[in-house]
There are 2 protein chains.
Amino acid sequence: MAGIRAQQKEKTRRQLIEAALGQLSADRSFSSLSLREVAKEAGLAPTSFYRHFSDMDELGLTLVDEAGLTLRQLMRQARVRIEKGGSVIKISVHTFMEFIESNENIFRLLLRERSGIAPEFRAAVNREIRYFTMELCDYIEKANKLDRDVAYLQANAAVTIVFSAGAEAIDLDKKEREELANRIIEQLRIIARGAQDMQSRRPAVTAE
Amino acid sequence: MAGIRAQQKEKTRRQLIEAALGQLSADRSFSSLSLREVAKEAGLAPTSFYRHFSDMDELGLTLVDEAGLTLRQLMRQARVRIEKGGSVIKISVHTFMEFIESNENIFRLLLRERSGIAPEFRAAVNREIRYFTMELCDYIEKANKLDRDVAYLQANAAVTIVFSAGAEAIDLDKKEREELANRIIEQLRIIARGAQDMQSRRPAVTAE
DNA sequence: ATTTTGAGCGTACAACTGTTCACTATTTTA
DNA sequence: TAAAATAGTGAACAGTTGTACGCTCAAAAT
């Protein structure tokens, strides 16, 4: 029972996903893709699309999930590198930029659909980004010994700036990307210092 | 010579602009509008559209210009309020939120097309936002006596965070918006403190 | 060995798209 | 007053879209 049939189905499903992902270029948003186009690119008749997804929306949500996986890969890799020592901020930004470079289209999707039309899409993207933020928040809370709410403010601001930079970076050449990365690093430092400062001016919480 | 003809033409041109703006709701992006729909909404035959714009793109760029004007109004109003005294950050954020509330659709356009498809659109939106950033940079440089590059880092980070919050705010109810505004205010404070801190640790630049 | 299932296909259709063209009616110009 | 310019129209076009339907044929279940 190899499931030769289910296997084949999974394969063409992947073809549809890859086809859609492949069409997402600089001047093509997901919502501008048509079911027929994607099916054609995948080498399928338009009607066969329905054997795998009931909708373009359903395909889209699948892509967002895919992007979520990529995001977690990114986090894992950053964590590994950080453990080996060096500036946390620098490493994080560079890892992020690398990922954008090698996963352009999936990041395009993520960054565009964040402010896109379909509410379900936005929700899905925001879920992924929130997860990302929370991980960072935990890390900051422990590593820098900040109160949770201050850590959250810092994490949220950092993620906003990094993702926003990601959206910019996608359309830049290598040199411009480096400049951008340096700017982001400095901004993250400013935020980190500000958070430390805000924490230190707080009344200490003491046991009664 | 009242120019009764040119007058009427300008009027229906406005109708087209308003029609397009009116269609930009939560679940409708500019690129999803069709020429025919817009013409219909404006009470025109599809073909009459061409008497005013050669393209939907041309209409779109006109809308972005419109949004730019709104943005400058916003800046002007914030400046007036700031002169009357009070927390600069608080006033700025609240003014921004007010504007979003009373110009929902035009902000939707601005925030969406920033990461949209058409390169010309993105360029136009980024031009407006850059202008906004530079104004803020000047202000910070003078008011807080920061070096220009530090002031720029702060201004850029602040604008990124505020606009990103704007995109979020559009879909929130009143109470949630207030919470968001408070979070933004705290984050801007963190950034301001961080910038001050970074400045104060710099080697002073002295005349030779 | 026979029946059932289901992935993929081709045809067809109605809805919509942007754009062309020749036309009307009114204002503007000469 | 006659001629030219032009905002707005309606019909028609070729193209694209999503989707319903019935079919095939190989795999799976009986």
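Here is how names work: the chains are called A, B, and so on, in the same order as the sequence lines, proteins then strands, and each is numbered from 1.
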Task: Integer-rounded Å distance: dT19(D) C1' and L44(A) CG - done: 16 Å
Task: Nearest to side-chain heavy atoms of R51(B), which nucleotide of dT9(D), dA27(D), dC9(C) - done: dT9(D)
Open item on the list: Tell me if the centroids of the rings in F163(A) and F107(A) come within less than 6.0 Å of each other.
Closed with: no
TODO: Using whole Å, report how far CG of L35(B) lies from P of dT17(C).
DONE: 9 Å
Open item on the list: Pick the closest DNA chain C nucleotide for R36(A) and for H52(A) by heavy atoms, then say which residue is nearer the 5' end.
Closed with: H52(A)
- [ ] Please examine the side chains of M75(B) and Y131(B), heavy atoms only from C-beta on, and report whether any two atoms are closer than 4.5 Å.
- [x] yes
Open item on the list: Looking at T47(A) and dG10(C), is any side-chain donor or acceptor paired with a base atom of the opposite kind under 3.5 Å?
Closed with: yes
Open item on the list: In whole Å, I'd like the distance from the CZ atom of F49(A) to the C1' atom of dT17(D).
Closed with: 13 Å
Task: Closest listed nucleotide, where the reference is the side chain of K9(B) and the choices are dA7(D), dT11(C), dT20(C) - done: dA7(D)
Task: Selected nucleotide, minimal atom distance to P46(A) side chain, candidates dT19(D), dG8(D), dC9(C) - done: dT19(D)
Open item on the list: Using OP1 and OP2 only, check whether a side-chain N or O of T12(A) sits under 4.0 Å from dG8(C).
Closed with: yes
Open item on the list: Counting only heavy atoms from other residues, nucleotides and ligands, does the tally under 6.0 Å from CD of E120(B) exceed 12?
Closed with: no
Open item on the list: Under a 4.0 Å threshold between the charged nitrogen and the carboxylate oxygen, would R81(A) count as salt-bridged to E98(A)?
Closed with: yes
Task: Whole-Å distance separating the CD1 atom of I4(A) from the C1' atom of dC25(D) - done: 14 Å
TODO: Output yes when at least one side-chain N/O atom of S48(B) is less than 4.0 Å from OP1 or OP2 of dT9(D), else no.
DONE: yes
Open item on the list: Can you measure E10(A) atom CD to dA7(C) atom P for me and round it to whole angstrom units?
Closed with: 12 Å
Open item on the list: Tell me whether the side-chain N or O atoms of R5(B) pair up with the base of dT29(C) as donor and acceptor below 3.5 Å, since no angle test is needed here.
Closed with: no
Task: Rounded distance (Å) that lies between atom C1' of dC9(C) and atom NZ of K40(A) - done: 16 Å
